[in-house]
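Okay, so here's the structure we're looking at.
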Amino acid sequence: VTEATNMEGELEVARPRKDGYRFGAHWFVGVSLTLFALVPFMAPGRYTTAVLISILFFALFGAIYDFMVGYAGLNNFGFASFIAVGAYASALSQLYLGTSAWSGLLIGGLACSLVGAFTGLITLPLLGIYISFMTWFIGETIRLTISNARGVTKGMLGLVVQPLENVFGLDFSRGSDPISYFYVLLTLAVVCTLTMQVIVNSQLGLVWRSMKEDDLAAKTLGIRTGWARIINFTMASFFIGAVGAFYGNYLGVLAPTKSEFGVIRTVEVLTIAYVGGRGSLWGSFFAAALIVSLGEVFREFETWRPAVSGALLITVVIFAPKGLAGILDHIQPVFARLSERLTKMVSH
Amino acid sequence: MWELLLSPPIFASLIVQGLALGAMYALMGVGLALTFGVLGIVNFAHGEFFMIGSYVMYFAAAMLGLPIPLAIFLAGAVVSVFSAAVERGPIEQLRKRSDRNWVSDTFVLTIGLSIVLQSLAQNLFGTNQYGILELVGGAVPIGEIRISGDRLFLLGTAILIGLATWLFLKYSTLGKGIRAASQSADAAETLGIDVRWMGTITFALGGALAGLAGALLITIYPASPTVGAGPLVQSFAVVLLGGLGSVPGAILAGLLIGVLESFISFLTSSGWQNVLLNYLVIAVLLVRPAGLFVIKGQRP
């Protein structure tokens, strides 16, 4: 029996690395997420919940950003405007078509994936940094269009969005502790990230990685990198739009300002993705927790917050290209050994 | 609105206004184009170099009371020293470690730098705007129209700086070295040109051009932590229209955008002019990614 489990244990370790993680890392992520879900019980209150929700939004957006940049090498510099597309599509269909806020998540996702597919299509003649420029200018165009079309979107005056309808006895009305939003968002975050994880570990993920490494070489091997790029844009945009719609419902008022849906927000999300480590979806969760809670702890130095995250970004780009996930790489052998021991104990 | 354009004074003053603004965009664009052409760096902190220039201008001219030309020179000098330090500091560190992803890595690095600089400015000087009302003042009558002295001063100084930059690049030994390094770093190195120094000098020159633009435009863009955001987008539009890395392209595209902007904002009210400019950039990226003025077969 011992030999067999030993064999199994070794097989576990010898399995090809998926997404930079081995067995132990899943334990690490799972335990951290469970602890995270329990925080409202340890420190109840509106403030805690609001901070946790902010962490989750940044984590999820960072993970989606990483889904594009870390796997397909697409630096989507119009990211924040894609969030706006989801939020506005859902809010406007609630306002003018009378759809429910819950179906708005789907509407936001679909609307945004259309925009994403179109963006992917028109970046096709471009490579590398030019894709960032194209998405940057497309994003700004979207934001300025929303801001100028005052008749429909109320522009900078702000569009009021209704909260999510109460379901299953959960209270989504505003003014109380947004604890329901937290748990729905947590579920959304875990489901989205697991889905993305499955996608990037599939054949499609391999295609994207080959495209990221060398577009020309991938083409030579018969991979249709153009299609691969459009698919990545479309899928990522679906997630952005759905989460964006939820974000709109949570926020209550939408205005296309630079800090909400402009370059400033894109840079914040990019920082999370880079600090978390490119090519590790869960890394964004740790980066978001780190950056948002650092900001909260040093609240009296609020004006220094951007400087700190900027310095963090510079440090990561220069010294630690693998980001926090790089640290995870060091921790994970410990967990791998631990889980091996546990398996042994259970089988004895 | 359209029939107003037929009146020569309005038409001419729009042209001059557009050229003056366009010349500034061209200066910033040339800075970006040089940095990309020689070093392969897409400098997202270019707007913050502009911002530093405008702060230096304000402190030198309005607080210390230095004469305007000296203050402008000082702004350029301070920013060029600062950007040289940036090139020798963080960018050099990245150069040691980065390989294939150099362009996107430096882009992200300068994004971080831009956030840090904005935040520093906000903490040091607050969010107030520090502006100067006029640099020379007055108005110059040309024929039957009167053109504001400031606009002419802007245009004249920009042409002067542009000319100086061009002469420097074309005829001085250093300028030849920079051009050689941008054409082929390896070949230049073989011929005994210190490519590293050429890089630092280019980055300092690019920064100085942004700083000078910031100093000159202080009457239109008063110094504030986020003042660089607008000029940054414009200068990226300039280099994308003119072709990334192309200096003549940047000059032409800068003038074009300046004149277009002055006419469009005269004809349309409400912020649609930026949307139109964005459409132009997207269209050019789609149809001629190497830039509007690149002749087929020519090295981009």
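Per chain, numbering begins at 1; letters A, B, ... match sequence-line order. All of these numbers come straight from a predicted model, not from anything done at the bench. Any value given below was found using the heavy atoms of this structure, including those in side chains, with hydrogens, waters and symmetry copies removed.
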Which answer fits B:Leu94, side chain, backbone, both or neither, if we ask what part of it has an atom under 4.5 Å from a heavy atom of chain A?
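Contact with chain A involves both backbone and side-chain atoms of B:Leu94.
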Before you tell me yes or no, could you show the steps for A:Ile318 and B:Lys96 under side-chain contact (heavy atoms from CB on, under 4.5 Å), namely the whole-Å CA-CA distance, both residues' side-chain angles and the distance that decides it to 0.1 Å?
CA-CA 9 Å; A:Ile318 298 178; B:Lys96 283 181 194 156; over 6 Å; no
Given that the side chain runs from C-beta out, which part of A:Leu126 has a heavy atom under 4.5 Å from chain B: side chain, backbone, both or neither?
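Side chain only.
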Below 4.5 Å from any heavy atom of chain B, which atoms of A:Thr315 appear? Answer side chain, backbone, both or neither.
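No part of A:Thr315 comes within 4.5 Å of chain B.
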Is the count of non-hydrogen atoms from other residues, nucleotides or ligands lying under 6.0 Å from B:Trp102 atom CH2 greater than 12?
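For B:Trp102, atom CH2 is crowded (more than 12 foreign heavy atoms under 6.0 Å).
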Heavy-atom count check: over 12 atoms from other residues, nucleotides or ligands less than 6.0 Å from A:Phe118 CZ?
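12 or below, so no.
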Find the one option among B:Thr226, B:Thr110, B:Leu120, B:Leu286 whose heavy-atom pairs under 4.5 Å with chain A are most numerous.
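Counting heavy-atom pairs under 4.5 Å, the top option is B:Leu286.
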If you count heavy-atom pairs under 4.5 Å between each of B:Leu109, B:Ile115, B:Asn123, B:Val103 and chain A, which one has the most?
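Option with the top pair count is B:Asn123.
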Listed by chain and number, what are the side-chain hydrogen bond (donor to acceptor under 3.5 Å, both in side chains) partners of A:Arg265, not counting sequence neighbours?
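Scan of A:Arg265 (side-chain hydrogen bond (donor to acceptor under 3.5 Å, both in side chains), adjacent residues dropped) gives A:Tyr247, A:Glu260, A:Glu268.
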Taking side-chain hydrogen bond (donor to acceptor under 3.5 Å, both in side chains) as the test, write out the residues that go with B:Gln93, two or more places apart.
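With sequence neighbours excluded, B:Gln93 shows a side-chain hydrogen bond (donor to acceptor under 3.5 Å, both in side chains) to B:Arg97, given in chain and number order.
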Which residues in residues 38-56 of chain B have any heavy atom closer than 4.5 Å to a heavy atom of chain A?
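Interface residues of residues 38-56 of chain B: B:Val42, B:Phe44.
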Close contacts, residues 230-239 of chain B versus chain A, judged by heavy atoms under 4.5 Å
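When heavy atoms of chain A are the reference, residues 230-239 of chain B contributes B:Leu232, B:Val233, B:Phe236, B:Ala237 within the under-4.5 Å range.
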A:Tyr274 side chain near B:Ile111 side chain, heavy-atom distance below 4.5 Å
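Not in contact.
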Could you measure the distance from the [atom1] atom of [X] to the [atom2] atom of [Y]? Nearest 0.5 Å is fine.
X: A:Ile138; Y: B:Ile282; atom1: CD1; atom2: CD1; value: 5.0 Å
X: B:Asn101; Y: A:Lys212; atom1: CG; atom2: NZ; value: 6.5 Å
X: A:Leu74; Y: B:Ser104; atom1: CG; atom2: OG; value: 11.5 Å
X: A:Met134; Y: B:Leu285; atom1: CE; atom2: CG; value: 5.0 Å

Shorter than 4.5 Å, heavy atoms on both sides: which option in A:Thr271, A:Ile264, A:Thr145 has the most such pairs with chain B?
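Answer, by heavy-atom pair count under 4.5 Å with chain B: A:Thr145.
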Could you label the plane-to-plane angle of the A:Phe133 and B:Phe107 rings as parallel, tilted or perpendicular, counting under 30° as parallel and over 60° as perpendicular?
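Perpendicular, since the angle between the ring planes exceeds 60°.
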What closest approach, in Å, do A:Val317 and B:Asp105 show between heavy atoms, and which atom pair accounts for it?
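What the structure gives for the nearest pair is CG1-O, 3.7 Å.
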Exactly one of A:Val69, A:Val316, A:Leu270 should register a side chain to side chain contact (heavy atoms under 4.5 Å, CB included) with B:Val108. Which one does?
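Between B:Val108 and the candidates, side chain to side chain contact (heavy atoms under 4.5 Å, CB included) is satisfied uniquely by A:Leu270.
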